[in-house]
Every structure is written in structure tokens, then in C-alpha cells.
Amino acid sequence: MTDTPDATVVTPPTTVPNPGSGAAESGTSSAQGTGVIETENMDVFYGDFKAVADVTMKFAFNEISALIGPSGCGKSTVLRALNRMNDLIPSARVDGEVRYHGANIYDPSVDPVEIRRRIGMVFQKPNPFPKSIYDNIAWGAKINGFKGSKSDMRDLVQGALEQAALWDEVKDKLTESGLSLSGGQQQRLCIARAIATQPDVILMDEPCSALDPIATLRIEELMLELKENYSIIIVTHNMQQAARVSGKTAFFNVELDTTGQRTGYLVEFSPTDELFTSPRMKATEDYITGRFG
Amino acid sequence: MTTQTPQKSPLDYFPTEDEYQRLLDKRTRRGTAVRITFLLMLAVAVVGLGILLYTIIDDSFGIVAVVNENEPEDILAAYGYDPTVTVLSDLNKEQLVEVLAGSISSGVGRRLEREQRFFADRLVFESQAKWDEVCASDEPPSGCGGGVRSKADVVALVEERVIAPDIIDASRLTASIFNPQRFKDKVEADFLTNPDRYEDYTFDQVRFQWRAWFSWKFITSPASDKPEIAGVRTAVLGSIWLVAITVLFAVPVGVGAAIYLEEFAKPTRINDFIQTNINNLAGVPSIIYGMLGLAVLVRVLEPITSGSLFGDGAPNGRTILSAGLTLGLLTLPVVIISSQEAIRAVPNSLRQAGMGLGATKWQTVRSQVLPVAIPGILTGTILAVARAIGETAPLILVGAAGFITVSPSGPFSQFTALPIQIFQWTSLPQEEWRHLAAAASLVLLVLLLSLNAVAVLLRNRYSRRLT
């Protein structure tokens, strides 16, 4: 693992094939080459209910991609399908393919535990463990087989906290409970915790929705810094936030079928400035101009 | 605020200012009435508990009417002491042993000496030759191991064997404090109306003295057929052994089952069926568990529960192990259900956070879910064990001994337990046993409270560590 606090080298997963194989051009994506994560005709079901239909998109390396759309359009569902967090819901099922570095993560031979270590997650509500700040960060490394000495672990914790721009605020109280921090600090602790297991993608599910504007700003600045080393996919309700931080934005919408079921679908996935200034689809324009949603 | 407009506004459907004030008063009164009702219900509960505690304590202390075989004053006078200013323990040890030797048979003396010597440098009842012979035998008595009876021990022996008090009647605490004369008059009247009842005693021999039935001596003395010296040591040790086995069996098994059901079991029909049955088992009467214990643990599994499989053990399966496992089975459903509740109360966000970091299910449960659930699990376990420690019916079925003076030495011992002892004593006719039963109830309550205190301390330590 890493000895220096600021080493953030992303090690490509060894068990997944190299990028390039089976990368399909997506209909709505305009990106070139392969992405770190690609979905192809992905449907997500909860029991018989189809929550999201036919999502095909490609997330680029070292970029912030934002998912926006009205409530119930399934953007969080899509996000959680990308690291198999939906597996925790017994009735959830994913059809189609989600490829990480070119390999389908829904292949029966793939262990979701490994996927989640490579593709970290930050949740809507800050959820630090009821343990010390230090243990909050060290635990992820420990359970993933961290082999370093005690001082290596200290370096790892410090590095993760520094990357999450939290080190200066907590360096004197690492033994205090993670729950003693403010909401914004807790969320940065959760980001540090996700970084510490050395993932190369970080999924963020509305990470700022429980925070005040100042804390939100700090998280956004942090995301822009992290972009250098990680690929970030963020779900947000806040269109300004998407516009401020993301390189590409996906707009999801929801349609009612004849039985009254609401199924989400991808409308368009374009570079952010394009999507906000000259959206290709009418639904996108209606949404970003505030005509609905 | 009423506005009279031809068209109805939503405001018209609300009461007028006057009506509203009346309604508000009514609502407030109703709230107060409900609050007072609930307070009264609480008072009923508190008064009930208070009466229970009062009855037990009232019976545990009080004045007793005693007839002594030898009066301590006579003994003191025989040694030239002034009985009005000295007590028995003012005599020195040599004198006390002499008093003892003068009263008991040499056979009893030898037995006492073999239990423990009176003096390090000389033997009182046994000849040196015989002593050496006994100590050289295959099973030397405990007295050979050294150690000398303390003076307090000898005083106790003199009190028990020489003075040999016989309690002929006993009074309660409150009566003893506020109206001791009435008790004395009652005893005197008994002597007058029913002279045969007290055999060859006369009222002049009767002494009235205070007695604490609940005392350290009561807790440390073995059971006896004489209420004056009977204690609950065997029963207390039996109960402690039972609780230990119950906890050791029910907590790991119950928490494990709860973890499986909450964290790993898929909602299949079989698992639903199991869950329903666990809920039902929690309500099964304890005597049914006693029958189960008798049929399966005592009879079928006798080689294991009697210990004969592991070398020498009890003659049958009516052992502490059988009873402890029976109580464990009885406790198990409650432990499972309360542990499930505690595990379910752990916020899902912690599980997601753990799994999101690439932890396996078990790593997440072990490090994130269980530590948060432990205070709740402990609370449920306290309640379950508190129920088990007071259980009587299943123990009777499994074969608790009613009268046993040997302290239990291991899981394969015969045993009795506090509730059994209380049950036995309350079924005896003489007044003295009722006071002993009350004192034993007090011991049971104290034991229960101290076990609970330990569990609450543990729980608080865990809760503090989390926040």
C-alpha cells in the first residue's frame, strides 16, 4: 500500500481485464474511447417493478459525471447499480451489462465485495461509524487486508484526511468519535474513509443534500481536487452544483406507463456546458429552465 | 374571529372564539384527566411493589421467643465473669473449647475436630495416634490439611451446640418495633392456654431477643432442619451455577441465531415459519420446558448430563447441567427476540457504509452492527435471565433436591436453588420457616439486583464507548 501520505496512485484492478475489450459506443454519449464504467442496456428492477429502463452510458476516467433529474427518475438507483449496492436490497435485480474496466460486474464469477472496494461510495446522509475518527478511516483498510505497520496505517489515515481536506481540523482529536464532528466534517470524513481503501471510482449519492451552503462549497472544492486522481460520479438535485463541478451531465426523466408505474430512463448524457446551454432534447430544456421537476 | 359572509369560507367551519375557548378548556381537562389516570396506574404499580418488599422485609427481622438449653449467663458465671457486663466472646478460646467439650458428646467433638482443628499445638477430642492414623488414610478429613478454627468459629459452635437456642415463636419487624409487649403477652397466653405445646419448657425460661433472619450467617450457612441455624448457602450457590450455565448456553446461541435471522436469512417460507415459532416459544409456560428438560436432558441425554460419559458423575441426570440447560432453553426465545430487535434497530446506513467500503457481510456485522446492538442485546438478556433465576416449576420437574446440605461443586452436582428453597420452607407449618422463607426471598432479590447491576454497568460501558 502507500507509505507517503499524499500518494494517491490508482492501481488498476488485477482481476479485471484491461480496458478496451467490448467497449460499445453508447447512443447518447459523445465521449471517445472507453470509460472507467460503462453500462449497456441496463434495466434495474425491484421485484416486478422496473425502476430504470435501458440505460446505456459511459463514464470517463478522471472526470466528474453528474446525474440529474426529477425525483423518482431512478438516478440514485442507477448510481447504486454501478457498484452493486443494490444487491443489499433482496428484491433488486439488474439486467443488461455494467462494465468496469471492460469487465461485466454482474458476471456470476465477480464478487461484489471486490467491486465495492474498487468503486467507493459516499452516501446522502453522512454516516460515519460510531467509532473514533482514526478507526473510521483505518477500518476500511484493515478489513481489506492492509499489510503495513502501525505507522504506515497512521500515514494512510493522515493521507486520506488530507485529501479530504479534513486533516487540519481533526489532527488533534483523532481518537474522538466521528459523530462528534459537524455535518460537513462528517461528510468529508466519509469521503476520506472511501478514499482510504484506494478505490479508483467514487460514487456520491447527493453528498451535499444534508449540508449547509458553506459545507457544500467545501465538498465541491474537494471533488474538483479529487478529480485529478479519481473518477467521480455524483447524483445531485442541485443543477447549479452539477454545472459547477461536473464535466459531463446525464439527465434522467421518468415516464408513467399504462399501469401507472414510474420508470426512469436516460434522456441525454452530454458535456455539462453543452447540456445546460444547448440541450439536445426538449425534456432536458424544460427541466433545466425550471418548467417542471 | 367570525366573519359573516353569505358565502361559506373555511373559517365558518371552525368554532367561534367562545366555542373555541370552551373546547380548549375541555381538551385541556381531558388531557389532565388522562394524565392523572396514568399517574394512578403508576401509583398502583409502585404501591404493589412496595407492599411486596414490605412483607418480605417485615418477615425477615423481628423479636423471637427463645428457650436456651444453657443460658450464656450461667456459663459466664461458671468462669467467674459478671454476666451483666460480659458476653460470651469475652471468654478466651481455651475456655470456650472447654465449655464446648463439657457439653457435646466425644463423637461429635471428634467429628468437629476432623473438620478443622481447634488448636494448632494440641488435640482436644482425638488422640494423637488416632489422628495420625486417620490423616494417613486414603481420604484424610479436611482437618488434616492444617488451619485452626478461629475464636469466632468456636463462639458460633458454643452458641449452636451449648446454648442451643430453640425458637418457639417469632414476631414481625413492625410489630416488634411498635408493640413488642403484645408479642410477649401472646407467647405467655399460649403457655397458659396450651401448656403441652412447648413440651417441658416453662414461660420463665423464655427469652425475648432480636433476630435478623436475613444476615450474613444466613447466607453462608448450609441448609439445616433446625430453623435456628438453617441457611441458604447451598441454594445461593445452586442458583449462581444455574444462572452461569443458563447465560453460557442461551446468550451465545440466542445472539447467534438472532444475527443469522436478521442479517443472513432470506425471507423464505421456512425462515418465516421458524421466526413465528420462536415468537410462540417465548410464550410457552415454563413447566412445559421442565417436561422437556425431564424427558430429554434428564432421561435421554443422561450419560452426558450426569457426567458418566466423562468419568465419574452423578448417579442420574438430575444435575445442575440439566437444570441450567432447561433454563437456557426457556430463556433462548426471549434472548433471540430481543437480540433481533436490537440488531434491527441499528441504522441501515451503517451496514451500507460498511459494505460500501468493500467489507463482507460478516465483517460489517461483526465490526459495525454488533457493537451498536450490544446494549440492546444486554438489556434483553438481563430481562430473560431475571426471569430464569426466579423459575421454580421447571426446576422441580428436572429434579432439584428439596433438602441438600452439600454445596454444589460442578455442573454434575445435585443441587437446589433459591426459589426451590423458598417453596420448600413456605410449605412447612412452623412460624420460623416463614421468616426464613422471607429472608431467602430477600437474598434472591439481592442476588437478582446485583446480577442486573453488573449487566447494566456492562451495557453503560458499551453505550459510552459508542458516542
Side-chain angles (χ1 to χ4, degrees), chain A residues 13 79-80 82-91 111-132 135-146 160 175-180 186 189-190 192-199 202-205 210, chain B residues 258-276 339-379 458-467:
Chain A
L79 190 77
R80 297 163 67 88
L82 300 182
N83 72 341
R84 297 195 58 172
M85 282 303 278
N86 276 337
D87 289 16
L88 303 191
I89 303 162
S91 64
D111 188 343
V113 168
E114 186 192 348
I115 294 300
R116 294 187 202 115
R117 173 232 190 283
R118 308 274 178 209
I119 308 176
M121 189 147 194
V122 176
F123 298 86
Q124 184 169 358
K125 218 174 131 243
N127 56 355
F129 299 127
K131 297 175 181 298
S132 72
D135 285 340
N136 257 283
I137 296 178
W139 188 73
K142 231 178 269 169
I143 49 134
N144 279 300
F146 186 75
T175 53
E176 281 178 33
S177 169
L179 295 172
S180 66
Q186 287 189 14
L189 180 66
C190 292
R193 181 175 72 184
I195 292 170
T197 60
Q198 311 299 310
I202 302 174
L203 308 179
M204 297 186 175
D205 190 358
Chain B
I259 292 173
Y260 179 80
L261 283 170
E262 278 307 307
E263 298 288 342
F264 296 99
K266 299 202 163 54
T268 60
R269 228 176 252 186
I270 295 175
N271 286 331
D272 285 352
F273 179 74
I274 291 174
Q275 180 73 62
T276 313
S339 303
Q340 276 186 288
E341 307 252 322
I343 292 169
R344 212 175 298 148
V346 176
N348 237 334
S349 64
L350 283 183
R351 293 187 184 84
Q352 293 189 343
M355 303 289 283
L357 287 174
T360 60
K361 186 96 201 187
W362 168 238
Q363 284 176 321
T364 308
V365 171
R366 165 82 206 28
S367 303
Q368 306 304 342
V369 177
L370 278 188
V372 180
I374 273 181
I377 291 175
L378 279 176
T379 309
L458 265 177
R459 186 183 68 191
N460 289 349
R461 235 187 63 191
Y462 267 102
S463 311
R464 232 196 334 272
R465 226 161 59 182
L466 293 176
T467 46

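A note on names: the letters A, B, ... follow the listed sequences, proteins ahead of strands, and every chain is numbered from 1. Side chains are part of it too, since the values below use all heavy atoms of this structure and drop only hydrogens, waters and symmetry mates.
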Within residues 258-276 of chain B, the residues sitting under 4.5 Å from chain A by heavy atom, in sequence order, are none

A/R84: salt bridge (Lys or Arg N to Asp or Glu O under 4.0 Å) partners, not counting sequence neighbours: A/D87

Toward chain B, the part of A/P128 with a non-hydrogen atom under 4.5 Å: backbone

Neighbours of chain A found in residues 349-362 of chain B - heavy atoms under 4.5 Å: B/S349, B/L350, B/Q352, B/A353, B/G354, B/M355, B/G356, B/L357, B/G358, B/A359, B/T360

Just give me the residue among A/M85, A/E176, A/M121 that pairs up with chain B most often, heavy atom to heavy atom, under 4.5 Å. A/M85

OG/B/S367 to NZ/A/K142 distance, rounded to the nearest 0.5 angstrom? 8.5 Å

Run the side-chain contact (heavy atoms from CB on, under 4.5 Å) test against A/S132 and tell me which residues pass, sequence neighbours left out. A/Y134, A/D135

What part of A/L88 lies closer than 4.5 angstrom to a heavy atom of chain B: side chain, backbone, both or neither? side chain

With a 4.5 angstrom heavy-atom cut-off, which part of A/F129 approaches chain B: side chain, backbone, both or neither? both

Where B/Q363 and A/W139 come nearest, the two heavy atoms and their spacing: O-CZ2, 3.5 Å

Distance check, rounded to the nearest 0.5 Å: B/Q368 atom CD versus A/I143 atom CD1? 8.5 Å

Count the heavy-atom pairs under 4.5 Å between each of A/N127, A/I119, A/N83, A/L203 and chain B, then report the option with the highest count. A/N127

